[in-house]
S.K.: 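If you scroll down you'll find the structure; I have some questions about it.
Residue numbers count from 1 along this sequence. Order of listing sets the numbers, starting from 1, for every ligand and every atom in it.
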Amino acid sequence: MNLLDGKLVAEKIKAEIATEVKTKMLDAGREAPHLAAILVGDDPASQTYVASKEKDCLEVGFISSVYRYPANITQDKLLESIRFLNADPEVDGFIVQLPLPKHLDEHTIIESIHPAKDVDGFHPVNVGRMVLNIPSYLPATPYGIVTLLEHYKIETEGKHCVVLGRSNIVGTPISILLSRKSKTGNATVTLCHSHTSDIKAIAASADILIVAMGKKGFVTADMVKKDAVVVDVGIHRIPAKETKSGYRLVGDVDFQEVAKKCSYITPVPGGVGPMTRVSLLLNTLKAAKKEIKF
Ligand code: GUN
């Protein structure tokens, strides 16, 4: 078994981004890329994610800003904030941290982001472009996964890729990316979800298994073909006496057992997570360079 070391690959990409920002932008008298985040409410996980994004920006020399609003903000107020960021020439890209409180309509909010600043790649224009293989911002987790596979020279062409989970931000887009006609695509993809019958047998037929179910330890060794490549998108906190924080992180895959059987596997933490984070930086860099035309 080999580790797909997302932490290592993300550090390498961050170093490359930092060099580009310094030499091509700051030293040339240009502004650094600027990523903004809108954070509504006080969900602890969302606060942690946004803090990580700020830290990542600092590390590569980006400007970051966070717009914080109370959980009871009205939809109109939030839309006004988005219009402000859409129009702000100093902000290259921004994200609205999800999930949003129930009274806010997520689709309306996302559709109000200008596609050119939608560095999450969640706007229907970016999703549509991705489906059609037109340059677009790719959602960060799927983008991070294909970058990781590419880094380890794991061929997807002609392979059977099985994706477990059909969320809008991971399962659905990764299934599209892997099946597209492209360097990191050309795979035969099976997308499994809660209504799939015999998910175990389908998973066990995968050359590349992408697991994004949100179910702790769901994938056991009997669901994995010998020498398969396993990508674990899951992230769960479990109590642990041995750590200072009192918890540790595990994924959707039974790592100990599956690792013995597969050829490559992502650890949790240190696999997909860091690749997701660096992908947002890559999208922001593209936004600052106006690389994608809208
Ligand atoms: N919540 C969980 N993941 C994400 C993400 O990638 N982007 C945003 N905006 N919210 C999230």
S.K.: Main chain of D227, side chain of S263: is a donor-acceptor contact present, judged purely on distance under 3.5 Å?
M.R.: yes
S.K.: Give the residues near ligand 1 by chain and number, with the criterion being a heavy-atom distance under 4.0 Å.
M.R.: I95, V96, Q97, L98, D120, F122, I169
S.K.: Please list all pairs passing the side chain to side chain donor-acceptor pair (under 3.5 Å) test where one or both residues lie in residues 170-180, with sequence neighbours left out.
M.R.: N133-R180
S.K.: Can you tell whether the side chains of E257 and K260 come within less than 4.0 Å, N to carboxylate O?
M.R.: yes
S.K.: Do NZ/NE/NH1/NH2 and the carboxylate oxygens of K159 and E155 come within less than 4.0 Å?
M.R.: no
S.K.: Give a yes or no on whether a salt bridge exists between D252 and K215, defined as a side-chain N under 4.0 angstrom from a carboxylate O.
M.R.: no
S.K.: Does the pair D92/K117 count as a salt bridge with the N-to-O cut at 4.0 Å?
M.R.: no
